[in-house]
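Quick note on labels: first sequence line is chain A, next is B, and so on, each numbered from 1.
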Amino acid sequence: MDVTNRYIARVLEKIADYSEILGENAFKVRSYRRAAQTIESLDVPIAELLDRGEAIPGIGKGIGAVVREILEHGESPLLKALEEKVPKALIRLLAVPGIGPKTVGKLIRELDIDSEAKLEQAIQAQKIRALPGFGAKIERRIAEALRAAHDPNARRPLADMAPIAREICRTIARLPGVDRCEIAGSIRRVSERPKDVDLVVATRQAKTVAEAVREVAGTGHVTAFGPDKVSFTFEALWPIPVDVRFVAPEQYGSALLHFTGSRAHNIFLRQRAKMLGLKLNEYGLSHGDGRLETFADEAALYARLGLPYVSPELRDDAEIFAPARVRLLDGLISSEDIRGDLHMHTRSSDGGNTIEEMARAAYARGYRYIAVTDHSASLKVAGGLSVERLKAQVEEVRRIETRLSEEWGAMFYIFAGTEVDILPDGTLDYPDEVLAALDFVVASVHTSFRQSRETMTARLLSAVRHPYVDLIAHPTGRLIGRREAYAVDMEAVIEAAARYDKVLELNASPYRLDLNVDHLRLAAQAGVKIAISTDAHNVSELEQMHLGVQYARKALIPRSMVQNAMDPEALIAYLSRNRGKIRPR
DNA sequence: GCCGTTTTCGGCCCGACTGTTTTCAGTCG
């Protein structure tokens with residue numbers, strides 16, 4: 001069995017959950033959680049580090065032994081022992097809002113509940129509300145949770161959550177007395193599946209605004225209401241928990257930082273403040289004499305703590321302040337580095353805008369080039385181009401490129417390309433001579449997702465090896481929250497991309513984000529260039545580039561590894577490597 | 001259980017709100 005870092009982290013987290021319920025020392029529980037987090041964020045298998053005898057922060061003698069056991073046997077005797085003491089039905093209660101480990105622990109100890117059946121009986125007999133510290137409300141919540149068929153903590157894809165968060169934020173920003181409203185939390189950190197919406201509001205009239213926000217919540221269920229905070233459930237197609245915090249404008253920086261997290265990042269910053277003899281909270285830095293130092297923006301606070309500014313998407317990385325990571329920060333890709341977009345569709349296939357409209361929108365973004373990559377012939381549902389239509393499109397691209405470049409008084413490159421289907425047998429959907437005549441060839445899988453891992457891997461490898469293929473788009477085919485990635489040996493694909501000097505895509509669509517962070521890191525380590533592409537089907541989707549860049553930063557991708565951060569001249573030189581100088585002019 | 005410019009014992013991040021209570025433990029982020 002292949003024991004991954006992630007698997008070990010899950011086991012340690014479970015140990016923490018069970019121990020907490022059983023009333024173990026809270027700091028011991030915290031140690032397990034912290035170790036889990038550290039292991040999950042490691043770049044290399046923990047076995048290698050242990051073998052080399054390297055010290056890993058937060059992992060000492062005790063947890064080290066637990067990890068070794070998991071590595072050797074694939075399971076943990078400690079966890080097994082804990083599982084016997086805490087029944088599964090009760091563990092699930094931890095997901096119920098308002099119910100934590102202490103509550104679950106009391107149910108076990110005070111009422112001797114060790115099964116779902118006994119839990120039901122206790123509810124029926126109203127035994128839970130009789131316990132000291134409990135009441136009818138908690139009992140009812142537990143009963144509801146038992147009845148709820150679905151996971152109460154379901155996480156939705158970023159693509160669904162972010163627009164809703166923006167809409168709620170816009171509504172609140174318009175309320176009287178509100179200076180500004182911003183999205184914080186996991187959405188701001190570009191989490192693939194945020195669990196809730198966190199908003200931070202700057203205002204001098206918190207109380208009034210809180211009342212107004214309660215009105216905004218409307219039919220939604222208000223779960224907490226106070227002068228500093230309102231929580232409610234927003235009823236979209238599914239219920240979304242929303243937290244809104246109110247702070248004074250001069251405290252906005254510390255508040256935004258605090259409510260953006262991650263939790264581990266906050267803990268690090270507070271420890272740092274403590275080292276400096278200060279105390280950090282959402283209101284600012286408290287001095288020993290009670291004086292409060294406030295920060296209107298985040299950057300000033302990082303600077304005050306003597307730390308480099310860390311952008312939100314990097315704050316899930318528990319090791320971000322390690323010297324080796326800090327050295328990378330300045331070199332990471334950023335939106336200003338992007339010179340073009342190499343994957344987009346037009347009205348010729350399933351896009352909504354013309355070539356010229358896409359080009360003008362890209363130029364307005366400051367780009368120097370785009371690639372037009374409509375679908376290939378066999379993808380009928382997307383209006384794939386026949387060979388004849390593709391040839392006509394190439395001519396049209398040339399005409400528009402010339403005209404726009406003249407209009408703008410500078411060369412704007414429009415690469416005539418395709419997103420050619422990789423057919424189930426690994427061949428491409430256009431003959432070689434057709435591909436040879438194009439500037440840029442994107443290849444991707446749109447059919448037969450259920451092939452075996454071996455078949456799918458071979459299919460992708462043959463595309464990587466194909467001399468006219470430049471880039472593999474959305475390499476794993478995942479649609480976050482909708483469709484799993486197909487089975488494929490991505491390490492083999494990355495290795496082949498390195499060997500054949502091919503580019504892998506980071507598809508910036510919020511539904512895709514494909515490659516994912518783990519694969520991006522592997523690709524970067526292997527020296528494979530990444531193209532961050534929007535796969536835009538209309539001009540407004542070109543905006544997704546920003547999300548793609550943020551996601552690439554999560555994987556610590558430097559600008560030097562991003563193909564569409566290259567100047568057009570260098571890109572043309574690269575594209576000419578297998579097909580002679582492209583577009584003689 | 002981990003760790004050390006507070007250093008091998010004694011700490012370990014911080015605050016708002018809820019529910020069940022008349023002062024606070026538990027939960028959550």
Length of the line joining A/Gln251:CD and B/dA16:P, which is rounded to integer Å: 11 Å

Interatomic distance at P, B/dC3 relative to B/dT8, whole Å: 16 Å

Interatomic distance where CZ belongs to A/Phe232 and P belongs to B/dC17 [whole Å]: 15 Å

Residues A/His474 and A/Glu505: side-chain donor-acceptor under 3.5 angstrom: no

B/S/- contact track for nucleotides 19-29 of chain B, protein heavy atom under 4.0 Å: SSS----SSSB

Spacing of A/Arg512 atom CZ and A/Glu192 atom CD [to the nearest 0.5 Å]: 14.0 Å

Nearest listed nucleotide, side chain of A/Lys274, among B/dA16, B/dG15, B/dC12: B/dC12

A/Glu293/A/Arg304 ion pair, N-O < 4.0 Å: yes

Whole-angstrom distance between B/dC2 and B/dT6, as gauged at atom P: 23 Å

Whole-Å gap separating P (B/dC12) and CZ (A/Arg33): 19 Å

Between P of B/dG1 and NZ of A/Lys28, the distance in whole Å: 4 Å

Contact nearer the 5' end of DNA chain B, comparing A/Ser31 with A/Val230: A/Ser31

Rounded C1' spacing from B/dG11 to B/dC17 in Å: 28 Å

Atom-pair distance (CD on A/Gln271; C1' on B/dC2), nearest Å: 12 Å

Nearest-Å distance once atom P is located in both B/dT22 and B/dC14: 29 Å

Residues A/Lys28 and A/Glu24 bridged, charged N to O under 4.0 Å: yes

Rounded distance (Å) that lies between atom P of B/dC14 and atom CG of A/Asn266: 12 Å

Mutual orientation of the aromatic rings belonging to A/Phe321 and A/Tyr302 [parallel < 30°, tilted 30-60°, perpendicular > 60°]: tilted

Value in whole Å for how far the C1' atom of B/dC3 lies from CZ of A/Phe27: 13 Å

Which residue lies more 5' along DNA chain B, comparing A/Ile59 with A/Phe225 via nearest heavy atoms: A/Ile59

Separation of B/dG1 C1' from A/Leu82 CG (nearest whole Å): 14 Å

Touch class at under 4.0 angstrom, heavy-atom based, for A/Phe268 against every strand present: nothing

Lys/Arg N to Asp/Glu carboxylate O, A/Glu298 vs A/Arg188, below 4.0 Å: yes

Euclidean distance for C1', B/dG19 against B/dT23 (whole angstrom): 13 Å

Side-chain N,O (A/Lys61) to OP1/OP2 (B/dC3) below 4.0 Å: no

Sugar-phosphate, base or nothing in reach of A/Arg34, heavy atoms under 4.0 Å: nothing

A/Pro475 and its side-chain contact (heavy atoms from CB on, under 4.5 Å) partner, picked from A/Leu506, A/Asp514, A/Asn516: A/Asp514

Residues, nucleotides or ligands: over 12 heavy atoms within 6.0 Å of A/Arg6 CZ: no

Rounded distance in Å between the P positions of B/dC9 and B/dG15: 31 Å

B/dG26 to B/dT21 separation - C1' atoms, rounded to the nearest Å: 13 Å

Who pairs with B/dC9 - Watson-Crick or G-U, where each distance is under 3.5 Å: B/dG4

Between B/dT20 and B/dA16 - P atom distance, rounded Å: 22 Å

